[in-house]
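Letters A, B, ... mirror the listed sequences (proteins, then strands); counts begin at 1. In this text the structure is predicted, and so the values were computed from the model without any measurement. Keep in mind that the numbers below use all heavy atoms, side chains included, and drop hydrogens, waters and symmetry copies.
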Amino acid sequence: MTEKYNMPDARGHFGPYGGTFVAETLIPPIQELNSAYHKYLQDPEFLSELDADLKYYVGRPSPLYYAERWSRELGGAQIYLKREDLNHTGSHKINNTVGQALLAKRMGKTRIIAETGAGQHGVATATVAARLGLECVVYMGAVDVARQSLNVYRMKLLGATVVAVESGSKTLKDALNEALRDWVTNVDNTFYIIGTVAGPHPYPAMVRDFQAIIGRETKQQCQELTGQIPDALVACVGGGSNAIGLFYPFIDDPSVRLIGVEAAGDGVATGRHSAPLCAGRPGVLHGNRTYLMADDDGEIIETHSISAGLDYPGVGPEHAWLKDTGRAEYVNITDNEALEGFYALTRMEGIIPALESSHAMAHTIRLAPTMRKDQIIVVNLSGRGDKDMQTMAKREGIEL
Amino acid sequence: MSRLAATFERLAQSGRKALIPFVTAGDPYPDFTLPLMHAMVKAGANVIELGAPFSDPMADGPVIQRASERALAHKMSLSRTLAIAAEFRKTDQITPVVVMGYLNPIEAMGYEGFANAAQRADIDGVLTVDLPPEEGEQCAALLKERGIDTIFLLAPNSSSDRIEKMAAIGSGYLYYVSLKGVTGAGHLDAGDVETKLKQIKSITTLPVGIGFGVKDAETAKTVSSLGDGVVVGSALISKIESNQDNPERAQEEIIGLLSSMRQAMDS
């Protein structure tokens, strides 16, 4: 790669992916957001306020932790964990909500809406809305409301209204549909904080830019700790925000393997999964062209994953582009394999990972032994597992 | 001249406005739609917007969402929607049919494959809710080559620049979304619509159909006086929803509502 990576183009296209596929009423607010995003991401005052929030409110930089015992046990590459689970609210999601909320404030918006799957983005949004005194409405599929009740309670405590979405498959995609319907109705005073690198332009680029702090810190911390940059980066991919945040600053470093881990649910062969990059096809949903889980007629099909945060039929358009160009690799991990990752990290390192992040851990178990001992893997520990205690206890037949 | 252009010209000559019903193909079951289309024409419809159901209709309110769900439960699809339009055309060569839906089913067919299928079905226009002109030029060009109009949406917050853009790429008519919101929502404000229509009319000579929030004969009459046509969707589909155990009555009620709108618009 000789030319510097410079995606997307001015119209938000990553090759054939991305773009702006929305109904007309949303075009003006998207244009307004796009100009605010371009203006403030160059604005020193905005950037210093963002930096201060990330440092004092979120708790950045998050540590890069050497998982010594786990590395020794697996007997291959040395494994480092990027500890996004230690951020305020317990996941990487707050990096983005802090940024978008500052934008909303500068744009004079008084009302925040968001969609959420596992509830991590919803909590991170409700948190920043509470801090800025903004009205907050979070859309969440009714199925997810049931399986992530702890996060629902957290959002309510923070003053947000949580709307259980009963349409379609009652999961993340339906929450997104409903948030878009809210936005189209309340465009004048409402800022829509999308939680992942999907949606119409500029969301995929903007959310990536707010999450790229993960990769920038990783690059510097890895140099400091080991004197080199990593050989491989591993991150789970639902919409793909924690993965792109880690990958992006390394795209122009060809020696670094970028590995995204999709959720294979019951197994890709069963059709009951959430792995559009591994087993989907290009199409258009939620404002952008990307890989999707759809049938021959173009209808979106239901997804399956043990982790609500990965239970989404699409994926960020930049991942689609990185896949097609071969710059990143995408693999998949089943529910059962993810549980291996969950238990391994818990028992080996005393860190309970979120079920989403457990997919990245599970792939690391497979990858590390194939690499040399002087090589380095950085795994994004995108969230902590507290929110999944009920799901896990239920699987183990324990009533809490 | 396209069927749409001819229809609007004929109506303009007689000082009448277009009545444009929207129904979702295959709701509540596939065989319901074709006889309904013919009956709607008899009741005074001038153009039919035939909805191709989609799993994730982001711009639609709950009434049309549920219509999509009912149709999809019967395996309705974009190609079967076109098949219904083709059947309709066999016995009605005059009334234009516009297929309205979302982009992903078209992507699945491929733009060229879709354009060819649309031509074979002899439909007259395509309105794709989530395909704005920025992204839609290729599809619009393929349809134009085949004599099919591309209808774009205009919203209350559309700038003059955008109205010009739609007028340049779009043909047949422009669909003015009378309120910020989803289909079937709230009540439209006739004063706001009047102001916006003046702006649109100062930019383009294309006919303008007005929709979203048209619920009864009275609103149909008010709105029709402001533009060239009235689109009514959710109010009709509600009749299907409330009579699922009695499809004959659903059709009677739809025809009753459309007739009252026609009468009010012509009086």
Gap separating the CD atom of A/Glu299 from the CG atom of B/Asn104, nearest 0.5 angstrom: 8.0 Å
Any side-chain to backbone donor/acceptor pair from A/Arg181 onto B/Gly181? Under 3.5 Å, distance only. no
Looking at B/Ala155, is its backbone amide N or carbonyl O close enough to the side chain of A/Thr25 to form a donor-acceptor pair, meaning the two atoms are under 3.5 Å apart? no
Close side-chain approach of A/Ser167 and B/Glu69, heavy atoms under 4.5 Å: yes
Would you check if the side chain of A/Glu24 reaches a backbone N or O of B/Leu154 as a donor-acceptor pair within less than 3.5 Å? no
What distance do B/Asp56 atom CG and A/Leu176 atom CG have between them, rounded to the nearest 0.5 Å? 9.5 Å
Please flag which part of B/Arg162 lies under 4.5 Å from any non-hydrogen atom of chain A: side chain, backbone, both or neither. side chain
Taking all atoms of both residues into account, what is the closest heavy-atom pair of A/Ile300 and B/Ser55, and its distance? N-OG, 2.8 Å
Side-chain heavy-atom pair B/Leu103, A/Val284 within 4.5 angstrom cut-off: yes
Does the salt bridge (charged side-chain N to carboxylate O under 4.0 Å, His left out) test come out yes or no for A/Asp188 and B/Lys180, once each step is laid out? CA-CA 9 Å; A/Asp188 296 329; B/Lys180 293 173 190 160; 3.0 Å; yes
Indicate whether the side chain of B/Glu134 and that of A/His201 have a donor and an acceptor atom separated by less than 3.5 Å. no
By a 4.5 Å heavy-atom criterion (distance strictly below it), what part of B/Pro57 contacts chain A: side chain, backbone, both, or neither? both
